[in-house]
Amino acid sequence: MLFMEFSRYCEQLEGISGRLEMIDTVSRVLPSLTDEELPIFVRFIMGRVFPDWSPLKLGIGPNLLYDAVAYVAGARKGAVREAINTLGDVGLAVEGLLATKEQQSFFIEELDLVEVYRDFERMAVAGGHRSQRGKLLVARKLFGNARPLEGRYLARLMLEELRIGMGEGNVRDAIAKAFGVDVALVEHAHQAAGDLGEVALVARKGPDALQEVEIEVFRPVKMMLAQQGTIAERIEEYGDVAVEYKYDGSRFQFHRKGDECRIYSRRLEDVTVGLPDIARHLMAATDRDIILDGEAIAVKDGRPMPFQYVIRRFRRKHQVDAMMEEIMLVPRVFDILYLDGETLIDRPLSERRRILEEVLADHVAPQVRTHDAAAAEEIYARALDQGHEGVMVKVLESRYLPGIRGRQWVKVKPGVDTLDLAVIGAEWGEGRRTGVFGSFLLACRDEAGRLLPVGKVATGLSDEMLAEVHALLKDLVIAGSGKEVTFEPQVVFEVGYAEIQTSPNYSSGYALRFPRFVRLRVDKGVDEVETLDGIRDRYARQKNGAGSSP
Ligand code: ATP
């Protein structure tokens, strides 16, 4: 498939608003693709280049992209920024810039879908200190051969945000329709394989092949997530439930095969190097080929230390020993996904738990089964007393649902509600904050993945935290005028607030009253920030008197 054809499909999809029509359009394309093209097309159409679990990351920042486009279009980098500012979209800006140069260039090579993917692979593996230069050369070549419409989607793909509204659900349904297989089977394979590109290939072979897809060691599985809720409602609905402490650490997934092990973060990054103590503890606790899910916590004098201590270790690549003297981490394992060749995610929690207790000699997080709300409340009080965040209440019959934030796991914690929001802009600080960003523009996301502002936060950041945040954000500036800058959205803040108000000032329609920085969520991506629906929901609950307190 030519990249031009792919671009035309994208343009077509961008013009469709109905879900069923989108699914239908994609399903008609899939059968015509070769085995090589199919997984690439499927990922690209979702704005992804590699599977989520792949160690390959494109790592193209906006600056590099602007450099490449400026070079090819014969424009200043400032002109690229201006075009983006004016049009509000990188893709459209690149398209416009390439259109102006197009009349002059006759020697372009036709871009091919698979070849574009190979170039992305080259960029992702380009290592060492010359890697930025290597990436830039490949990016220049790609834009040099791109026609304007291709430029639109090439630029968006490089930033892995296609903006055409094809999420995982739609693509899964399109695969099922294209190859005449049950959606549930496609979903099963997706949960085990963690990549719809590969699943599309299997779906082409038929339902039996889909059924046989298993989890593989050293290919991290997306983590199951939790909703907020209360103990009473869970017990009322399900009777017997499992209650565990909610540890305030950082999520990890441990994989072992033979004598080798690897540990992955919540964002599926390989963090083994930073966590030798976790690896040692778990290697000693079992000799089976295994995948475990748990929380790493830091403990000092028997009490848990704050989350920031733990997260620093997850980001550490060097001098881990010195840090280990300061902070020792211990694992609290609460789930098992795989054992000796067998995928366990389709089994109920009660059974997974039994297996976990059988095969792991140590570090299993305690769990209590009860249908007595008072007993569960007692555990909750004890959890808080011991310095944990609260409790998790889990449905015993529930399967493990990778990447799903469902009602099967409910988190119960006290106090002020917080929101995870994307940092999309900032204002330069004044006075003591001169030279660093001082206030930050925050955004939630809507159904189409667009980021919509909901407020600014300037309080709650220590000088040390301001410096840390500044270091993260300074390379993400994509535009700036006067005191204000706009960021490539990559950083997530957790913020508290007194109240959510409706507001004509922000395109989300809402604003936070008294927003306050709580912590930096380096363990979360911007695709995980609060949704507009979630904010609407909180606003409604608040009006009914069940909102957060200042
Ligand atoms: P929060 O912001 O409340 O920490 P989150 O958005 O990081 O939540 P959630 O899925 O909402 O993630 O809450 C579940 C998280 O709680 C898990 O990702 C995990 O890191 C942590 N956790 C701590 N203890 C447990 C436990 N016993 N079972 C499951 N998750 C646990």
Side-chain angles (χ1 to χ4, degrees), residues 220-231 234 241-254 263-268 271 275 278 292-299 304-308 310-311 314 329-337 349 352-353 356-357 360 363-369 376 379-380 382-384 386-396 398 400-422 444-445 492-496 517-531 534 538 548:
V221 181
K222 278 198 205 165
M223 311 214 174
M224 181 162 172
L225 300 169
Q227 282 185 4
Q228 238 146 15
T230 63
I231 292 173
R234 288 299 67 193
V241 291
V243 184
E244 298 165 6
Y245 288 161
K246 184 177 193 309
Y247 302 99
D248 191 13
S250 203
R251 190 83 173 263
F252 72 85
Q253 202 174 84
F254 173 84
I263 304 173
Y264 302 95
S265 70
R266 176 185 161 129
R267 295 175 79 178
L268 312 187
V271 288
L275 306 173
I278 298 285
L292 301 169
D293 185 6
E295 188 91 347
I297 57 169
V299 184
M305 307 264 289
F307 166 84
Q308 296 298 352
V310 186
I311 203 67
F314 270 67
L329 298 188
V330 286
R332 295 281 183 266
V333 179
F334 46 74
D335 221 318
I336 178 166
L337 315 189
L349 172 64
R352 299 200 305 276
R353 177 74 195 190
L356 178 64
E357 287 175 6
L360 200 66
H363 308 297
V364 178
Q367 184 190 77
V368 174
R369 288 182 197 186
I379 301 170
Y380 178 47
R382 210 178 321 134
L384 297 180
Q386 292 179 16
H388 302 298
E389 252 192 2
V391 288
M392 300 287 298
V393 183
K394 300 180 179 177
V395 176
L396 283 162
S398 65
Y400 190 94
L401 302 169
I404 302 291
R405 190 183 287 282
R407 287 156 48 75
Q408 295 81 0
W409 284 14
V410 157
K411 52 181 171 182
V412 184
K413 53 183 188 179
V416 189
D417 269 350
T418 60
L419 290 167
D420 295 324
L421 297 168
C444 64
R445 68 188 165 86
V492 178
F493 280 2
E494 183 176 335
V495 295
F517 175 89
V518 175
R519 59 189 175 182
L520 183 63
R521 294 300 304 249
V522 280
D523 57 332
K524 281 199 171 180
V526 283
D527 51 338
E528 287 188 276
V529 299
E530 186 67 42
T531 57
R538 285 179 192 233
S548 70

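Remember, predicted model here, so these are calculated numbers, not experimental data. Counting starts at 1 for both ligands and their atoms, in listed order.
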Using heavy-atom distances, let me know which of K246, R266, E494 sits nearest atom 12 (O) of ligand 1.
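Minimum heavy-atom distance to atom 12 (O) of ligand 1 goes to R266.
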
Distance to 0.1 Å, residue and atom name: give those for the protein heavy atom nearest to atom 10 (O) of ligand 1.
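In this structure, atom 10 (O) of ligand 1 has A226 N, 2.9 Å as its nearest protein heavy atom.
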
Pair D523 + R251: basic N to acidic O under 4.0 Å:
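Looking at R251 together with D523, the answer is no, because their closest N to O distance does not fall below 4.0 Å.
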
Under 3.5 Å: N/O of K394 near N/O of ligand 1
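Looking only at distances, the answer is yes, because the N/O contact criterion of under 3.5 Å is met.
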
Using a plain distance cutoff, I'd like to know if R519 has any nitrogen or oxygen under 3.5 Å from a nitrogen or oxygen of ligand 1.
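No, no N or O pair falls under 3.5 Å.
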
Closest to atom 30 (N) of ligand 1 among F334, Y247, F252 (heavy-atom distance)
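Looking at heavy atoms only, the winner is F334.
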
Considering residues at least two apart in sequence or located in another chain, which fulfil the salt bridge (charged side-chain N to carboxylate O under 4.0 Å, His left out) criterion with R445?
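Applying salt bridge (charged side-chain N to carboxylate O under 4.0 Å, His left out) to R445 gives none.
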
Which protein heavy atom lies closest to atom 2 (O) of ligand 1, and at what distance to 0.1 Å?
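Heavy-atom neighbour on the protein nearest atom 2 (O) of ligand 1: R521 NH1, 3.0 Å.
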
Is the closest N or O pair between W409 and ligand 1 shorter than 3.5 Å?
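In fact, backbone or side chain, W409 has no N or O that close.
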
Going by ring pair (Phe, Tyr, Trp, His ring centres under 6.0 Å), name the residues that satisfy it together with Y264, two or more places apart in sequence or in a different chain.
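Scan of Y264 (ring pair (Phe, Tyr, Trp, His ring centres under 6.0 Å), adjacent residues dropped) gives H255.
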
For atom 20 (O) of ligand 1, the protein heavy atom that lies nearest, with its residue and separation:
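Closest protein heavy atom to atom 20 (O) of ligand 1: E295 OE1, 2.5 Å.
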
Shortest protein heavy-atom distance from atom 17 (C) of ligand 1, along with the residue and atom involved:
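Ranked first by proximity to atom 17 (C) of ligand 1 is R251 NH1, 3.3 Å.
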
Ligand-side contact atoms (ligand 1) for residue partner Y245, heavy atom cut-off under 4.0 Å:
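Close to Y245: 24 (N), 25 (C), 26 (C), 27 (N).
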
